[in-house]
Amino acid sequence: MVNPTSIDTPSHVTPKQFVDFDMYDPCKGGTDLYTGWQTLQKESIPDIVWTPKNGGHWIPTKSDIISEVMRDYERFSSRTIIIPKSNGADHNLIPTTLDPPEHRPFRMLLNNNLAWPRIQHIEPAIRSTAIELIENVREKGSCNFTSEYAEHFPLRIFISLMGLPLEEAPRAKVLVDKMMRPDGTISFAAAMQQLFDYLEPFVDDRRGGDGGDVISHLVNGEVGDRIISKQEAMKLTVQLMIAGLDTVVNFLGFVMLHLATNKQHQSQLRNDPGLIPEAVEELLRRFPIVTVAREVVADMEFHGASLKAGDMIATPTPLWGWEENKITCPMEVDFKRKNKKHLSFGTGHHFCPGRDLARAEIRVTLEEWMKRIPEFSLANDEGISYGSGIVAVVDKLQLNWNVDN
């Protein structure tokens with residue numbers, strides 16, 4: 001868990017806006033991550049609240065305000081996106097910490113390398129990897145889904161795209177975990193530096209080359225009318241590495257946790273595989289896992305709150321789309337729901353460039369898992385615990401099924 005340093009309440013925060021809420025422990029040691037976040041949407045809670053945890057920051061509690069903060073880069077800058085702000089100063093990656101117009105040329109490099117045609121081209125490899133990992137556990141009748149599938153599948157796909165040696169991937173994953181969900185064993189800055197040190201030889205080796213991997217394309221790409229600098233290439237590559245090794249890995253855990261405890265939804269997907277793409281969108285709507293932030297650019301009044309320049313304001317996707325006036329029965333999962341709008345990939349100029357890859361990985365996992373694994377459930381003796389922070393995670397997910405089916 002991140003250093004939970006609290007600060008005194010600033011004078012511009014009213015007593016009604018104060019909440020004792022820790023984004024790195026939203027359920028205060030409990031077991032239900034989303035119920036923890038949902039406490040911020042009680043009727044008595046203002047549209048924007050302030051917590052002293054993690055250096056102190058604001059939290060919008062309503063969907064429209066979260067979207068507004070994400071989109072309005074003139075009032076809410078991406079120059080610092082990590083809470084606590086002290087860690088955000090060590091982040092400094094691109095394009096996530098850039099605002100338009102500086103952001104656009106770097107974002108175009110990512111778009112070109114993660115566009116749908118490229119994902120379509122590698123889908124056979126995505127599918128064969130999923131099949132291999134599922135077949136490895138099928139006859140066992142049980143698995144720790146987190147460690148035996150989720151931690152391998154997206155990692156292998158992404159490492160292949162980057163052109164990195166698979167045997168060293170776990171080292172990079174550990175460093176990413178330490179940044180997204182700090183546990184005190186290593187500082188954010190130290191983990192970041194080690195990730196830079198790991199990737200720098202690959203960046204150096206591929207600059208000036210003509211390789212077909214994503215790193216080669218990024219480090220030799222053009223930004224406007226010039227070749228990207230080495231430092232820019234390093235920051236772009238590290239940022240892509242962080243995103244590629246953490247989000248889908250963790251989201252898959254929430255997907256399988258839901259299906260293991262909702263057998264009627266398993267049956268729906270087995271009986272109607274054509275429903276899976278729609279199911280992916282509904283699951284993305286119901287189980288968002290990312291909470292990044294923005295820095296307030298100037299003093300302002302904003303939805304009843306007096307924000308000061310330099311204040312941090314979170315943009316928690318887990319709170320988006322849960323209001324009854326936005327979506328009917330928002331906490332229920334309905335694969336045939338017409339309104340599946342969600343914010344799992346963000347919005348605005350930082351809309352996730354890897355969304356097509358993420359969707360493909362989730363869809364293929366469900367398609368191949370439902371073909372090969374019979375009705376499954378949670379192991380009776382296994383409790384569920386969560387890790388929270390910038391990206392939430394199911395720490396361990398033990399699944400059981402009958403191999404005779």
Side-chain angles (χ1 to χ4, degrees), residues 23-27 30-41 61 63 66-67 70 145-146 149-151 153-154 180-181 243 246-266 268-269 275-292 314-324 326-337 339-347 352 354-355 357-367 369-370 376-378 383-397 399:
M23 61 174 273
Y24 289 89
D25 187 17
C27 42
T31 58
D32 191 335
L33 179 82
Y34 292 99
T35 297
W37 275 106
Q38 207 174 15
T39 61
L40 295 180
Q41 291 190 322
T61 63
S63 299
I66 295 169
S67 298
M70 284 188 172
F145 182 80
T146 305
Y149 185 90
E151 290 183 355
F153 173 62
M180 298 298 100
R181 292 165 299 282
D246 202 51
T247 48
V248 175
V249 174
N250 298 334
F251 178 73
L252 284 173
F254 288 95
V255 168
M256 288 301 178
L257 172 58
H258 173 78
L259 292 174
T261 53
N262 291 271
K263 294 182 180 179
Q264 73 277 18
H265 286 153
Q266 289 188 46
Q268 269 190 289
L269 299 185
L275 186 60
I276 287 177
E278 292 298 310
V280 170
E281 295 306 307
E282 172 67 350
L283 293 164
L284 284 166
R285 181 202 68 79
R286 177 58 182 83
F287 300 108
I289 59 175
V290 177
T291 302
V292 291
T315 58
T317 61
L319 286 180
W320 197 93
W322 286 357
E323 297 104 309
E324 294 280 354
K326 296 291 183 184
I327 298 177
T328 303
C329 302
M331 306 311 288
E332 295 181 7
V333 171
D334 179 0
F335 295 152
K336 296 185 179 181
R337 182 191 298 273
N339 179 12
K340 297 185 181 70
K341 186 177 180 182
H342 60 80
L343 215 67
S344 282
F345 297 123
T347 188
C352 176
R355 59 192 179 276
L357 175 60
R359 284 185 168 109
E361 290 175 331
I362 301 161
R363 172 177 53 79
V364 168
T365 292
L366 290 176
E367 288 170 351
W369 187 274
M370 293 303 168
F376 59 94
S377 59
L378 294 180
I384 298 297
S385 63
Y386 302 95
S388 188
I390 301 163
V391 181
V393 62
V394 180
D395 289 322
K396 182 180 180 181
L397 185 60
L399 304 178

(request) Would you please indicate if the ring centroids of Phe254 and Tyr386 are separated by under 6.0 Å? (result)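 Between Phe254 and Tyr386, the centre distance is under 6.0 Å.
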(request) Could you tell me whether Phe153 and Trp369 have their ring centroids closer than 6.0 angstrom? (result)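 Between Trp369 and Phe153, which both carry aromatic rings, the centre distance is not below 6.0 Å.
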(message) On a heavy-atom basis, which atom in Lys336 and which in Leu275 lie closest, and how many Å separate them?
(response)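 Shortest heavy-atom separation between Lys336 and Leu275 comes out as CG-CD1, 4.2 Å.
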Using atom types as modelled and distance alone, determine if a side-chain donor or acceptor of [X] lies under 3.5 Å from a backbone N or O of [Y].
| X | Y | value |
| --- | --- | --- |
| Ser388 | Asp25 | no |
| Gln266 | Phe376 | yes |
| His265 | Val333 | yes |
| Ser344 | Leu284 | yes |
| Arg285 | Asn339 | no |
| Thr39 | Thr35 | no |

(request) Any salt bridge (charged side-chain N to carboxylate O under 4.0 Å, His left out) involving residues 384-395? Give me the pairs, sequence neighbours left out, ordered by first then second residue. (result)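 Found none.
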(message) My understanding is that only one of Asp246, Thr365, Thr247, Leu252 makes a side chain to side chain contact (heavy atoms under 4.5 Å, CB included) with Pro154; could you say which?
(response)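 Per the side chain to side chain contact (heavy atoms under 4.5 Å, CB included) rule, the option paired with Pro154 is Leu252, out of Asp246, Thr365, Thr247, Leu252.
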(message) For Pro288, run the side chain to side chain contact (heavy atoms under 4.5 Å, CB included) check against Leu319, Leu283, Thr317, Leu343 and tell me which one passes.
(response)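 The residue from Leu319, Leu283, Thr317, Leu343 that satisfies side chain to side chain contact (heavy atoms under 4.5 Å, CB included) with Pro288 turns out to be Thr317.
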(message) With a 4.0 Å cut-off on N to O distance, would you call Lys340 and Glu278 a salt bridge?
(response)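 Looking at Glu278 together with Lys340, the answer is yes, because their closest N to O distance falls below 4.0 Å.
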(request) Could you walk me through whether Ile289 and Val393 pass side-chain contact (heavy atoms from CB on, under 4.5 Å), step by step? (result) CA-CA 8 Å; Ile289 59 175; Val393 62; over 6 Å; no
(message) Check for me whether Arg286 meets the cation-pi criterion with Tyr34, that is, NZ or CZ under 6.0 Å from the six-membered ring centre and within 45 degrees of the ring axis.
(response)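 Because its charged atom sits under 6.0 Å from the ring centre and within 45° of the axis, Arg286 does stack over Tyr34.
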(request) Evaluate whether atom CD of Gln264 has more than 12 neighbouring non-hydrogen atoms of other residues, nucleotides or ligands under 6.0 angstrom away. (result)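 Yes, CD of Gln264 has more than 12 neighbouring heavy atoms, counting only those of other groups under 6.0 Å.
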(request) Please report the C-alpha distance between Glu281 and Arg359 in whole Å, then the side-chain angles of each, then the deciding distance to 0.1 Å, and finally whether the salt bridge (Lys or Arg N to Asp or Glu O under 4.0 Å) criterion is met. (result) CA-CA 8 Å; Glu281 295 306 307; Arg359 284 185 168 109; 2.6 Å; yes
(message) Pair Leu259, Leu269 - check side-chain contact (heavy atoms from CB on, under 4.5 Å), show working.
(response) CA-CA 10 Å; Leu259 292 174; Leu269 299 185; 4.3 Å; yes
(request) Kindly write out the residues that satisfy salt bridge (Lys or Arg N to Asp or Glu O under 4.0 Å) with Arg363, not counting sequence neighbours, or none if the list is empty. (result)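 Applying salt bridge (Lys or Arg N to Asp or Glu O under 4.0 Å) to Arg363 gives Glu123, Glu367.
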(message) Please tell me whether Trp322 and Ser63 have a donor and an acceptor in their side chains that are separated by less than 3.5 angstrom.
(response)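 Result is no, nothing qualifies.
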